[in-house]
Amino acid sequence: MAKRVAVVLAGCGVFDGSEVHEASAVLVHLSREGAQAEVYAPNIPQMHVVDHVKGQPTPEQRNVLVESARIARGNIKDLATLDVKGLDALIIPGGFGVAKNLSTWATQGKNCSISKEVEGVLRAFHAAHKPIGLCCISPVLAAKIFPGCEVTVGHDTECEQWPYAKTAEAMKELGCRHVNSQVTEVHVDARNRLVSTSAFMCNAPIHHIHDGIGKMVREVLRLA
């Protein structure tokens, strides 16, 4: 039977939701591997809405579930209805929505809180020893919830190629082990069954990001 994988989204758009290319890559690679994706998002207001042309917040208000449905082509469920028993794995794409809507990492860094629904889902998969795939900024969720876990967000030294490398340092301060990696690589924490890859934490060609996410998806399915 096809493996059933929950994909949790955080809106639609890199600056205030899920990164669309990352979410799409996850869905494409799951399909290619013969897995069944089930897309979920929390039914909550976004922290804010960003004009992606100007890169600035607007007065508009949007809902995370409604916006995520754009990526899922309408085939989406409220995260509150997720039942880990019927699923084989969990994947959370990146995008600032992870740090704004699924958690408060964007404003509070390592002192952030995580949405109760999101934390509950992560803990449920972890407790059931089912694999969790994380890319871009989403490994910070694991760093906050699972002390001592091993993840990657790419590199820990900031430069033009790695503009968000300070994230790795904040994660280390939470007690997790950050493993430097290239954009096409993944890191597998076998003990915690976590698979992570840097994706758009790196300034890299989009096909390299797509390839890295593909490796993450395959490793998640291998562990499932």
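Small disclaimer: the values here were computed from a predicted structure and weren't measured. Hydrogens, waters and symmetry mates are skipped; everything else that's a heavy atom, side chains included, is used.
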Side chain of [X], backbone of [Y]: donor and acceptor closer than 3.5 Å?
{"X": "Lys215", "Y": "Thr184", "value": "yes"}
{"X": "Asn203", "Y": "Glu160", "value": "yes"}
{"X": "Glu22", "Y": "Gly94", "value": "yes"}
{"X": "Thr152", "Y": "Val179", "value": "yes"}
{"X": "Asn101", "Y": "Asp16", "value": "yes"}
{"X": "His210", "Y": "Pro205", "value": "no"}
{"X": "Ser18", "Y": "Cys12", "value": "no"}
{"X": "Asp51", "Y": "Thr58", "value": "no"}
{"X": "Arg4", "Y": "Gln36", "value": "no"}
{"X": "Asp83", "Y": "Gly86", "value": "no"}

If you define the side chain from C-beta out and look only at heavy atoms, does anything of [X] sit under 4.5 Å from [Y]?
{"X": "Lys144", "Y": "Cys112", "answer": "yes"}
{"X": "Asn75", "Y": "Val39", "answer": "no"}
{"X": "Val5", "Y": "Leu87", "answer": "no"}
{"X": "Gln46", "Y": "Glu67", "answer": "yes"}
{"X": "Ser181", "Y": "Thr197", "answer": "no"}
{"X": "Pro42", "Y": "Leu102", "answer": "yes"}
{"X": "Met201", "Y": "Thr167", "answer": "yes"}
{"X": "Val14", "Y": "Phe200", "answer": "no"}

Nearest 0.5 Å please: distance from the [atom1] atom of [X] over to the [atom2] atom of [Y].
{"X": "Leu223", "Y": "Arg193", "atom1": "CG", "atom2": "CZ", "result": "5.0 Å"}
{"X": "Phe146", "Y": "Leu194", "atom1": "CZ", "atom2": "CG", "result": "6.5 Å"}
{"X": "Ser198", "Y": "Asn180", "atom1": "OG", "atom2": "CG", "result": "10.0 Å"}
{"X": "Glu169", "Y": "Thr157", "atom1": "CD", "atom2": "OG1", "result": "7.5 Å"}
{"X": "Cys202", "Y": "Gln161", "atom1": "SG", "atom2": "CD", "result": "4.0 Å"}
{"X": "Cys149", "Y": "Met171", "atom1": "SG", "atom2": "CE", "result": "7.0 Å"}

In one Ile/Leu/Val/Met/Phe/Trp/Tyr side-chain cluster, 4.5 Å: [X], [Y]:
{"X": "Leu82", "Y": "Val7", "result": "no"}
{"X": "Val140", "Y": "Tyr164", "result": "yes"}
{"X": "Leu221", "Y": "Val186", "result": "yes"}
{"X": "Val49", "Y": "Val66", "result": "no"}
{"X": "Leu79", "Y": "Val64", "result": "no"}

Next on the checklist: Let's go through Ile132 and Leu122 carefully: what are the C-alpha distance in whole Å and the side-chain angles of both, what is the deciding distance for side-chain contact (heavy atoms from CB on, under 4.5 Å) to 0.1 Å, and is it a yes or a no?
Outcome noted: CA-CA 8 Å; Ile132 299 169; Leu122 282 161; 3.9 Å; yes
What are the two closest heavy atoms between [X] and [Y], and how far apart are they?
{"X": "Ala106", "Y": "Lys100", "answer": "CB-CG, 3.7 Å"}
{"X": "Ile71", "Y": "Ala23", "answer": "CG2-CB, 3.9 Å"}
{"X": "Pro131", "Y": "Asp88", "answer": "CD-O, 3.4 Å"}
{"X": "Ser68", "Y": "Gly11", "answer": "OG-N, 2.8 Å"}
{"X": "Thr81", "Y": "Tyr40", "answer": "OG1-CE2, 3.9 Å"}
{"X": "Ala10", "Y": "Gly97", "answer": "CB-C, 3.5 Å"}

Next on the checklist: Let's go through Val217 and Val28 carefully: what are the C-alpha distance in whole Å and the side-chain angles of both, what is the deciding distance for side-chain contact (heavy atoms from CB on, under 4.5 Å) to 0.1 Å, and is it a yes or a no?
Outcome noted: CA-CA 10 Å; Val217 168; Val28 167; over 6 Å; no
Hydrogens and angles aside, do [X] and [Y] bring a side-chain donor and acceptor to less than 3.5 Å of each other?
{"X": "Asn192", "Y": "His126", "answer": "yes"}
{"X": "Gln182", "Y": "His155", "answer": "yes"}
{"X": "His187", "Y": "His178", "answer": "no"}

Checklist entry - Run the side-chain contact (heavy atoms from CB on, under 4.5 Å) check on Gln56 and Val50 step by step: do they pass? => result CA-CA 5 Å; Gln56 297 174 346; Val50 174; 5.9 Å; no
Checklist entry - Within a reach of under 6.0 Å around NZ of Lys172, are more than 12 heavy atoms found that belong to other residues, nucleotides or ligands? => result yes
Checklist entry - Yes or no on side-chain contact (heavy atoms from CB on, under 4.5 Å) for Leu141 and Val118, after CA distance, side-chain angles and deciding distance? => result CA-CA 9 Å; Leu141 302 175; Val118 173; 4.3 Å; yes
Checklist entry - Taking the six-membered ring for Trp, are Phe15 and Phe96 parallel (under 30°), tilted (30 to 60°) or perpendicular (over 60°)? => result tilted
Checklist entry - Which residue, Val220, Val84, Val121, Leu134, forms the side-chain contact (heavy atoms from CB on, under 4.5 Å) with Leu90? => result Val121
Item to check | Audit row: Arg222, Glu219, salt bridge (Lys or Arg N to Asp or Glu O under 4.0 Å) steps and yes/no | outcome: CA-CA 5 Å; Arg222 182 182 66 81; Glu219 283 297 315; 2.7 Å; yes
Checklist entry - Less than 4.0 Å between a side-chain N and a carboxylate O, is that true for Glu38 and Lys77? => result yes
Next on the checklist: Could you go through Glu119 and Arg123, starting from their C-alpha distance and side-chain angles, then the distance that decides it, and tell me whether this counts as salt bridge (Lys or Arg N to Asp or Glu O under 4.0 Å)?
Outcome noted: CA-CA 6 Å; Glu119 180 171 352; Arg123 289 193 182 279; 2.9 Å; yes
